[in-house]
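Input: a single structure, listed below in structure tokens.
We count ligands from 1, going down the list as the structure has it; atoms in each ligand are counted the same way. Small disclaimer: the values here were computed from a predicted structure and weren't measured. Positions are given from 1, in the same order as the sequence printed here.
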Amino acid sequence: MAQLTDDCFAFSGPLLPIADMERLIVERVTPVAEVEQIPLSEALGRVVAADIAAVDDLPPFDNSAVDGFAVRHADLSVNGDTRLVIAERVMAGHAAAHPLVPHEAIRIFTGAPMPAGADTVFMQEDCRVDGDAVIVPPGLERGANSRFAGEDLRKGAIMLPGGRKLGTADVALAAAQGLTRLPVRRRLRVAVFSTGDEVVEPGAVRPAAAIYDANRHLLRGLLTKFGAAVTDLGILRDEPSALQIAISAAAADHDLVITSGGVSTGEADHVRTAIERVGRLVFWRVAIKPGRPVAMGVVPAGRPGHAAAFAGLPGNPAAVYVTFVRVVWPLLLRLAGAAPLQPIALPVRATFSYRKRKGRREYVRVSLRHAADGAVEAVKFPRDGAGVITSLTETDGLVELGEDTTEIAAGTMVGFLSYAALTG
Ligand code: AMP
Ligand code: MG
């Protein structure tokens, strides 16, 4: 599992800018190489291993886009109605028995093949049937209401590029091409730990000074959403050797090991040292808030030339979320062989003023609402604390404030990223 080259980018500067972190991930992390053919029913969220070309034109034949009457445009009078004899009826799934001859029309339904000779279709709503004839109005353009072979996709065109993380429509497109299996990279294997003497599993007796483990459940959900195979390795005590042993063991059969908590500089924070002991620390401070202490490293997998990636996230759940979507998600995409995701922040109007330090990117948890003037407004969650879990459940997404921003006033337009967009 040699995903991270080991010779690289140990970062000793004060705070690593997000853009540099993203570049390092792409430059230094090698995607998993194994490819498998999987049925469409299992393809959602998987990463296409190599460009897939269209095997046929889509649609495969010219057909009608509406229920109506197929005609020859040359038969239509320019200024007035045209009367055409109805020659036959073609339903979807059937072909016309005869070509369309001059001054005739063919009753046709959506998806039925265009009869030979026909080039234009009138919507039935625009026509009047009179006995065995149909009367059509003037003014319809040649080709109207017909769909041409290959207009959606030409045979041979790249329809799913290598690196595409398959969405629902991608799978539908493959099905529309008659494909039954797709070549994808193998699923990532990711191990997750929580750390902290105070952290206990939901369902266990909670000592007075303990809290239930929220982070592992958050991370499991996010990783499942990504499409990784998750191994839940429970909660580790704040005990250096236990951390080292557990992380080392997990590295042997996973592509990525993730911990939360214990990554800062406190006396009980042993994660950073553990990585330095059992592997290599790549960086541990990123210019992001919430979540400044976030470590990335490489841990040897026991076999020469193989290593697992490591991500040590902060302990506070909101910081876990933000660092996951901004640090771990790009890392997962790269490991999985997927193209980087560049969600576009949509402009919304801030109802709040905000001051921040220059040089780091900040993410403000907000809800959206419609203002009286119709604009979309972002309302900041009232409590900033990175430990406030309801700041995630009660909001719609994050306002992203760039490194150069130091202050925004209420009424300023800001960039909004929905939770859905962040884990697209
Ligand atoms: P730490 O970075 O380990 O000092 O953790 C920062 C804060 O996050 C502390 O208040 C921890 O109790 C809390 N925290 C750590 N791990 C978890 C967890 N798995 N679930 C919920 N809160 C946690
Ligand atoms: Mg801790």
Does ligand 1 come near enough to Asp213 that some N or O of the ligand is less than 3.5 Å from an N or O of the residue? yes
Evaluate Arg216 for polar contact with ligand 1, using N/O atom pairs at a separation under 3.5 Å. no
Lys/Arg N to Asp/Glu carboxylate O, Arg369 vs Glu377, below 4.0 Å: yes
Output yes when Arg147 and Asp62 qualify as a salt bridge under the 4.0 Å nitrogen-oxygen rule, no when they do not. no
Which residue from Gly262, Gly196, Ala214, Gly315 reaches closest to atom 14 (N) of ligand 1 through any of its heavy atoms? Gly315
Any carboxylate oxygen within less than 4.0 angstrom of a Lys/Arg side-chain nitrogen, looking at Glu201 and Arg216? yes
May I ask you to list the atoms of ligand 1 that are less than 4.0 angstrom from any heavy atom of Val199? 16 (N), 17 (C), 19 (N)
Give the residue and atom name of whichever protein heavy atom lies nearest to atom 11 (C) of ligand 1, and the separation in Å to one decimal. Glu198 OE2, 3.0 Å
What is the nearest protein non-hydrogen atom to atom 18 (C) of ligand 1, stated with its residue, atom name and distance? Asn215 ND2, 3.1 Å
Throw together a table of side-chain donor-acceptor distances under 3.5 angstrom for residues 112-124, partners on residues two or more places apart or in other chains.
unit_1 : atom_1 : unit_2 : atom_2 : d
Asp119 : OD1    : His73  : N      : 2.8
Asp119 : OD2    : Arg142 : NH1    : 3.1
Thr120 : OG1    : Gly143 : N      : 3.0
Gln124 : OE1    : Arg107 : NH1    : 3.1
Gln124 : OE1    : Arg107 : NH2    : 2.8

Determine all donor-acceptor pairs shorter than 3.5 Å in which one atom belongs to a side chain in residues 313-320; sequence neighbours excluded.
none

Go through ligand 1 atom by atom and flag the ones less than 4.0 Å from a non-hydrogen atom of Ile211. 12 (O), 21 (C), 22 (N), 23 (C)
Need the ligand 1 atom indices (1-based, order shown) with element for anything under 4.0 Å from a heavy-atom of Ser194. 19 (N)
